[in-house]
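A note on names: the letters A, B, ... follow the listed sequences, proteins ahead of strands, and every chain is numbered from 1.
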Number of protein chains: 2
Amino acid sequence: MRGTLRADGERKRALIYDTALALFREKGFDATTMRDIAKSAGISLGSAYHYFPSKVAIVFAYYEEVQDAHEERVRKKLPRTDGLLERLTLVFETKLELVRRDRQLLGAIGATLVQPGNELSAFSVEGRDFLQRSVALFDAALEPLATTPEARRTMALLLWTAHLGMMLRLVHDDSRGQKRTKSLVSRALTMAVPLLQLAATPMGAGLLAQLRSLLEENGLMPLPEETLSEG
Amino acid sequence: MRGTLRADGERKRALIYDTALALFREKGFDATTMRDIAKSAGISLGSAYHYFPSKVAIVFAYYEEVQDAHEERVRKKLPRTDGLLERLTLVFETKLELVRRDRQLLGAIGATLVQPGNELSAFSVEGRDFLQRSVALFDAALEPLATTPEARRTMALLLWTAHLGMMLRLVHDDSRGQKRTKSLVSRALTMAVPLLQLAATPMGAGLLAQLRSLLEENGLMPLPEETLSEG
DNA sequence: GTCTATACCCGGATAGAC
DNA sequence: GTCTATCCGGGTATAGAC
């Protein structure tokens with residue numbers, strides 16, 4: 001039966017995935033070999049490669065799951081959260097909590113992201129969707145700001161950049177419970193909120209507009225080409 | 001003779017280095033193997049590893065050279081350059097020009113920099129000197145700003161962060177002559193200068209002080225421990 | 001036709017003889 | 001300090017089990 005086969009395949013894929021993540025967390029990314037994973041999952045090496053084309057592919061699957069979970073948790077709590085600071089804190093801290101224990105994996109992702117020509121970089125077409133989904137969460141958090149959608153989107157992208165900084169800090173943060181990164185986030189947000197509010201006023205409009213065109217030209221912001229589906 | 005021996009060793013090291021860089025530039029970092037390098041330099045694989053402990057070590061030697069060259073060029077021209085925008089442009093564009101053609105190598109550096117526990121990260125003790133040297137150039141460029149040394153140093157560190165962003169953009173920029181990154185730098189600086197001038201006023205002092213303690217706690221800014229050499 | 005076992009290639013890194 | 005031989009692990013190719 002078709003369904004059974006597919007379900008089997010998916011179960012197997014999940015088995016490999018779970019086994020791999022367990023090993024990564026236990027021994028670290030580099031120290032875990034594909035042979036370890038296959039052996040520990042009780043399958044052959046070839047089979048593992050059948051489901052995941054490479055070791056990093058497993059890590060990217062992990063990151064996709066993180067992205068899903070982040071989205072779900074934030075979308076659930078955001079409507080009940082008032083205040084710009086609280087809303088932004090929610091987005092940042094939820095993300096941090098999701099990835100906190102997986103610094104090694106984040107390092108592996110980061111490493112492939114800085115490779116020239118990498119398909120998954122934010123600057124590439126293929127990585128665009130990933131970026132947009134993530135930025136959308138920050139955009140949603142900014143809802144209380146009374147400003148134009150464009151300005152909001154620009155600020156959301158800036159926040160996403162800041163979130164990248166958080167990830168970089170996290171990777172090197174071996175303090176207990178990653179409290180250093182936590183403290184960084186909370187203090188940085190406290191400083192950022194008034195600036196965002198300032199940027200949302202007519203006074204900040206000019207600056208934001210300049211920023212926006214800068215970001216657009218570097219492929220970080222989609223030029224308004226959605227219009228073609230409206231015609 | 002001692003001197004001759006050392007000179008021989010250095011000459012050999014330089015030979016490996018030059019050969020490696022030529023190959024990196026010709027075929028790219030990944031596609032160039034240590035065996036290629038050794039063969040092309042006319043020595044054995046083991047010998048190559050005697051002079052450089054790893055493939056990335058060669059790249060870091062390159063980066064140190066870049067750092068030296070950047071320092072030299074900037075220090076030479078800075079005294080003859082007036083105006084904040086011009087001075088900052090000098091620092092950024094000189095750096096860009098130095099590394100522009102070596103995106104693959106920069107990627108390799110970036111990849112090791114995001115590995116947890118890496119000794120050369122800016123957050124680590126070992127990478128501190130590297131960071132400080134680089135920040136000092138931005139600090140020097142900010143000289144025309146009438147403000148406190150602490151505030152200036154904070155801004156310099158922010159600019160260094162921005163310079164990291166430039167590098168990330170550069171790695172993915174395959175436009176002709178990397179004009180995209182060039183344009184990004186020039187436009188971003190035009191926007192940044194008024195903000196820096198604003199931050200240098202008493203109005204910006206509070207914000208900068210907050211920023212400073214944030215950066216200090218994350219090991220990016222040296223706590224004033226130089227005082228011990230003064231006693 | 002789907003998965004496994006296994007042998008193999010490649011390249012980074014190391015050991016140890018000289 | 002140099003070289004050869006070797007290890008190790010990611011990734012691939014393939015032959016055959018079922």
Inset, instruction - Give the rounded distance in Å between these two atoms: CZ of A:R35 and P of C:dA7. - result: 12 Å
Inset, instruction - Specify the separation, in whole Å, of atom CG of A:L23 and atom P of D:dG10. - result: 12 Å
Legend entry - Between C:dT2 (P) and A:K12 (NZ): distance, integer Å: 13 Å
Inset, instruction - Check whether more than 12 heavy atoms from other residues, nucleotides or ligands sit under 6.0 Å from atom CD of A:E72, and answer yes or no. - result: no
Inset, instruction - Between D:dT12, D:dC3, C:dC3, spot the one nearest the side chain of B:I43, thanks. - result: D:dC3
Inset, instruction - Rounded to the nearest angstrom, tell me the gap between atom CZ in B:R11 and atom C1' in D:dG1. - result: 15 Å
Inset, instruction - Would you tell me if any nitrogen or oxygen in the side chain of B:S44 comes within less than 4.0 Å of OP1 or OP2 on D:dC3? - result: yes
Inset, instruction - Please examine the side chains of B:L157 and B:L131, heavy atoms only from C-beta on, and report whether any two atoms are closer than 4.5 Å. - result: yes
Inset, instruction - Using atom CG of B:L45 as one end and atom P of C:dG11 as the other, report the distance to the nearest whole Å. - result: 12 Å
Legend entry - Integer-rounded Å distance: C:dG12 C1' and B:D36 CG: 12 Å
Legend entry - 4.5 Å side-chain heavy-atom contact, B:R101 and B:R25: no
Legend entry - Whole angstrom value for the distance that separates C1' of D:dG9 from CG of A:D30: 11 Å
Inset, instruction - Taking only the side-chain nitrogens and oxygens of B:H50, find out if one of them lies under 4.0 Å from OP1 or OP2 of D:dT2. - result: no
Legend entry - Phosphate OP1/OP2 of D:dC3 contacted by B:K39 side-chain N/O (<4.0 Å): no
Legend entry - More than 12 heavy atoms from other groups under 6.0 Å of CZ on A:R180: no
Legend entry - Salt-bridge criterion met for B:D68 and B:R133 (N-O under 4.0 Å): yes
Inset, instruction - Report which part of the nucleic acid B:F52 touches: base, sugar-phosphate, or nothing (heavy-atom distance under 4.0 Å, all strands). - result: nothing
Legend entry - Of the listed nucleotides D:dT2, C:dT6, D:dG10, the one nearest the side chain of A:K55: D:dG10
Inset, instruction - Indicate, with a heavy-atom threshold strictly under 4.0 Å, whether B:S47 touches base, sugar-phosphate, or nothing. - result: base
Legend entry - Candidates D:dT2, C:dG11, C:dC3 - which lies nearest the side chain of B:T33: C:dG11
Inset, instruction - Ignoring backbone atoms, establish whether A:Y49 has a side-chain N or O less than 4.0 Å from OP1 or OP2 of C:dT4. - result: no
Legend entry - Nearest-Å distance for atom pair CD/P, residues A:E10 and C:dT2: 15 Å
